[in-house]
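Every chain is numbered from 1 and lettered A, B, ... according to where its sequence line falls, protein lines coming before strand lines. In this text, all values refer to a predicted model and were calculated from it rather than measured experimentally.
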There are 2 protein chains.
Amino acid sequence: MKIGELANKTGLTTKTIRYYEDIGVLPEPGRQANGYRSYSPSVIDRVGFIKDARASGLSLIEIQIILELRDEGESTCGHTVRLLESHLEDVETQIIDLHRTKTQLEKMINNAKALDPADCLNPNRCQTISVTHLQMEGTGTE
Amino acid sequence: MKIGELANKTGLTTKTIRYYEDIGVLPEPGRQANGYRSYSPSVIDRVGFIKDARASGLSLIEIQIILELRDEGESTCGHTVRLLESHLEDVETQIIDLHRTKTQLEKMINNAKALDPADCLNPNRCQTISVTHLQMEGTGTE
DNA sequence: AAATACCTTCCAGTTGGCTAGAAGGTTTAC
DNA sequence: GTAAACCTTCTAGCCAACTGGAAGGTATTT
């Protein structure tokens, strides 16, 4: 299978496939006599794995770690599970952060809508987003 | 106030302050006779606004739009609220996506834990994350 | 007068995940 | 035989939000 065919079957571009090879998440394939890359069908599954893992929010680096361990024939379940669990924690943190952001945004919007329109004409005091009246129990940054 | 003092008071670095000036979210300040930047105290509030808005997930571009309108003395409430509402939608979408990711990760982890450890030794069939048995109602990508 | 701690500008690099394009070789179809 | 559609490598650019460093000027302290 040439790179174009693999691209077609997986929905990646040839560019992306070569990029994945560069960074090591796809192994260097064999070559035909003319230098073209020659893929075995099994690489389709590997790409599928990568796509699933990406869709779950794993970075290519994390995917590479899993795949490298797997390629070494290691029993990777332990490593993989730990990596997934740590990633799950990240995701949960992100969800919490986003909920806080959401609350903040809703407050801002309600605030703005409750305003006397006349206040909007005072350029020095846009009340919509103000430093002073939206202090919450911690903004999360710094 | 010189840039270092502003940096101290706001928790930004001097680098970041100059960067904000470059991209236009902070106005060019006056200069002392020696060429040093000279800030009025009001810029502290403006930086505070920027930090709050960043913490709410607004990009510097979005912040710039709000501030530009405000600087022009426009009645910006309408614009600002629309921007905030559109951003709120983004945040809600992100939360939904992350919940789907979370579910997927939990499935993977449970799957892995339920496995016969012997399977882990077969390097061609790491079951932990597999393309085949985790298909959900749409991966979201592409 | 020298050390240090500031300040100035400008240019380049970082991270992550690609994407674009140049400049060439190969294969297939008409 | 030539055009197109593929393939190769390499370099460079994109996004955001900075950060680092060079090369110099200034201010303060000893």
Short side-chain N/O contact from R18(B) to OP1 or OP2 of dG20(D), under 4.0 Å: no

Here the distance between atom P of dG16(C) and atom CG of D22(A), to the nearest Å, is 16 Å

Tell me whether I96(A) shares a hydrophobic cluster with I96(B), the cluster being built from Ile, Leu, Val, Met, Phe, Trp, Tyr side chains joined at under 4.5 Å. no

For dT27(C), does OP1 or OP2 lie under 4.0 Å from any side-chain N or O of Y36(A)? no

Indicate yes or no: at least one non-hydrogen side-chain atom of V43(B) is less than 4.5 angstrom from one of T10(B). no

Can you tell me how far C1' of dT27(C) sits from CZ of R37(A), to the nearest Å? 18 Å

Rounded to the Å, how far apart are L26(B) CG and dA17(D) P? 14 Å

If you only use heavy atoms from C-beta on, which nucleotide in dT8(D), dC7(C), dC18(C) is closest to the side chain of I3(B)? dC7(C)

Within less than 4.0 Å of OP1 or OP2 of dT19(D), is there a side-chain N or O belonging to T16(B)? yes

When rounded to whole Å, the CD1 to P distance for the pair I23(B) and dC15(D) reads 14 Å

From CD1 (I17(A)) to CG (L6(A)), nearest 0.5 Å: 4.0 Å

Does I44(A) reach the side chain of V47(A), with side-chain heavy atoms less than 4.5 Å apart? no

Mind calculating the distance between CG (L6(B)) and C1' (dT8(C)) to the nearest angstrom? 16 Å

Counting only side-chain heavy atoms from C-beta out, which of dT9(D), dC18(D), dT27(C) sits nearest to Y20(B)? dC18(D)

Any side-chain N or O of R31(B) below 4.0 angstrom from OP1/OP2 of dT9(C)? yes

By nearest heavy atom, map Y19(A) and A33(A) onto DNA chain C; which one lands nearer the 5' end? Y19(A)

Provide, to the nearest angstrom, the distance between the CD atom belonging to Q32(A) and the P atom belonging to dT26(C). 13 Å

Let me spell it out: for each of S59(A) and E5(B), pick the nucleotide of DNA chain C with the closest heavy atom. Which residue's pick is nearer the 5' end? E5(B)

Protein-nucleotide distance (I17(B), atom CD1; dT8(C), atom C1'), rounded to Å: 15 Å

Without decimals, in angstroms, what is the distance between I61(A) CD1 and dG17(C) P? 7 Å

Look up atom NZ in K2(B) and atom CG in N34(B), then write down how far apart they are to the nearest 0.5 Å. 7.5 Å

Looking at dG17(C), does its base get a donor-acceptor pair with the side chain of K15(A) below 3.5 Å? no

Does OP1 or OP2 of dA27(D) have a side-chain N or O of N34(B) closer than 4.0 Å? yes

